[in-house]
Amino acid sequence: MKIAVVFDTPHPDWDDADYRKEMAEGKVEEAEYDVAQALIQNDHEVRLVGIKDDVRPMVDRLAAFEPALVFNCCESFRGSAQLEYGVAAVLEMHGWRHTGATPTGLLVARNKSMSKKILKHHGIRVPEFATFHPGDPFLRPSTLRFPLIVKPLLEDASIGIAQASVVADDAGLAERVAFIHDKFQQAAIAEELIDGRELYVGVVGNNKLEVLPIVELHFGKLSRAERRIATYKAKWDEEYRDRHHIRSGFARLSEAVRAKIRDVCDAAFHSLWLQDYGRLDLRLTHDHEVYVLEVNPNPFIAYGHELANAAEKAGMNYKALIQRIVDEAGRR
Ligand SMILES: Nc1ncnc2c1ncn2[C@@H]1O[C@H](COP(=O)(O)OP(=O)(O)O)[C@@H](O)[C@H]1O
Ligand SMILES: [Mg+2]
């Protein structure tokens with residue numbers, strides 16, 4: 001099959017051959033190269049198409065190649081993750097079938113308020129929350145109970161999330177909200193902090209969704225004063241992770257809890273217009289309630305990382321996982 005891999009890149013002027021050269025040199029760990037390699041191993045005719053701040057080169061390259069499918073690995077446009085949905089929209093406007101979520105799915109999942117409203121509408125448990133837009137008067141709904149966790153409304157990858165994100169009173173809330181407005185130039189969302197186990201659930205499929213082995217983040221040796229949350233440091237700073245013994249592993253859960261998680265993930269996946277694959281971030285409370293913290297329509301699918309490892313554990317090696325996503329997109 002002719003498949004184009006579309007991704008955001010600092011080298012928008014590069015052609016397929018340039019990317020392949022870099023890919024062969026193996027200098028960078030990029031999900032799109034792993035995906036392209038797996039597609040080539042699956043005997044597809046593959047073109048790598050980068051995009052940065054102009055859609056025209058991508059459109060021209062795709063028009064010349066005429067792919068049967070676009071594997072969409074694009075996470076941002078013009079350096080903005082908020083415009084991620086736009087690339088999928090352009091693909092759809094040209095009638096190119098693509099893997100992964102619809103533009104609606106990408107747009108809604110990124111908005112931590114809109115997505116929670118929709119999940120709640122579908123009877124899925126989410127933390128109570130309030131949003132604070134720059135310039136609006138500061139008003140905390142009295143039903144919202146401390147401690148709260150304050151996050152940028154539209155980011156991901158734990159950007160803007162630190163131990164200081166958890167606040168215990170109105171003064172702390174006002175201060176952190178002002179920090180988010182100032183630093184990220186966007187609204188803040190304050191959510192009730194859900195105490196419990198941190199679970200990440202990779203999924204593949206559409207009508208019939210396959211839930212991959214569930215990953216748990218263990219917080220290890222945080223001090224008593226520290227909150228057990230996946231801060232930016234806890235996610236990305238290897239030295240910090242080692243020092244605090246933060247590590248992930250496959251979760252040990254009872255069959256009843258697994259079944260509950262499967263149902264929640266299935267409902268959340270479909271209510272937020274996801275397609276083909278995704279990852280759900282959950283909290284499991286001590287009394288076995290499942291909360292959806294967020295739904296990721298475009299999770300990191302590099303070789304050797306969380307989703308790929310979960311698929312591997314389910315008996316689907318990387319090559320098979322990427323082919324499965326292609327097949328799922330083809331069947332829709
Ligand atoms: N309401 C909450 N209750 C408990 N922990 C939370 C809550 N919201 C976020 N967190 C913690 O912060 C992490 C990142 O939050 P998340 O909403 O998934 O944002 P991101 O899109 O940056 O991943 C979560 O994985 C979790 O550890
Ligand atoms: Mg998350």
| task | Using the ring pair (Phe, Tyr, Trp, His ring centres under 6.0 Å) rule, take Tyr303 and Tyr33 through it: C-alpha gap first, then chi angles, then the decisive distance, then the call. | result | CA-CA 9 Å; Tyr303 174 76; Tyr33 290 172; over 10 Å; no

| Applying ring-ring contact (aromatic ring centres under 6.0 Å, His included), which residue pairs with at least one partner in residues 79-99 are found, sequence neighbours left out? | His94-Trp96

| ring pair (Phe, Tyr, Trp, His ring centres under 6.0 Å) involving Phe146 - partner list, sequence neighbours excluded | none

| request: With sequence neighbours left out, write down each residue that passes ring pair (Phe, Tyr, Trp, His ring centres under 6.0 Å) with His305, or none if nothing qualifies. | output: Phe300

| request: Using salt bridge (Lys or Arg N to Asp or Glu O under 4.0 Å) as the criterion, point out the one residue from Lys117, Arg140, Lys120, Arg145 that pairs with Glu128. | output: Lys120

| Counting heavy atoms not belonging to Phe65, are there more than 12 under 6.0 Å from its CZ? | yes

| field | Pairs touching residues 83-111 that satisfy salt bridge (charged side-chain N to carboxylate O under 4.0 Å, His left out), sequence neighbours left out | value | Glu84-Arg110, Arg110-Asp156

| Which other residues belong to the hydrophobic cluster containing Phe219, where Ile, Leu, Val, Met, Phe, Trp and Tyr are joined when side-chain heavy atoms lie under 4.5 Å apart, directly or via other members? | Tyr200, Val215, Leu217, Leu222, Tyr240, Ile246, Phe250

| query | Distance only, no hydrogens: is a donor on one side chain within 3.5 Å (strictly under) of an acceptor on the other, for Asp8 and Ser76? | reply | yes

| field | Nearest heavy atoms of Tyr277 and Asn298, plus distance in Å | value | OH-OD1, 3.7 Å

| field | ring pair (Phe, Tyr, Trp, His ring centres under 6.0 Å) partners of His245, counting only residues at least two apart | value | none

| Between the side chains of His44 and Gln323, does any donor sit under 3.5 Å from an acceptor? | yes

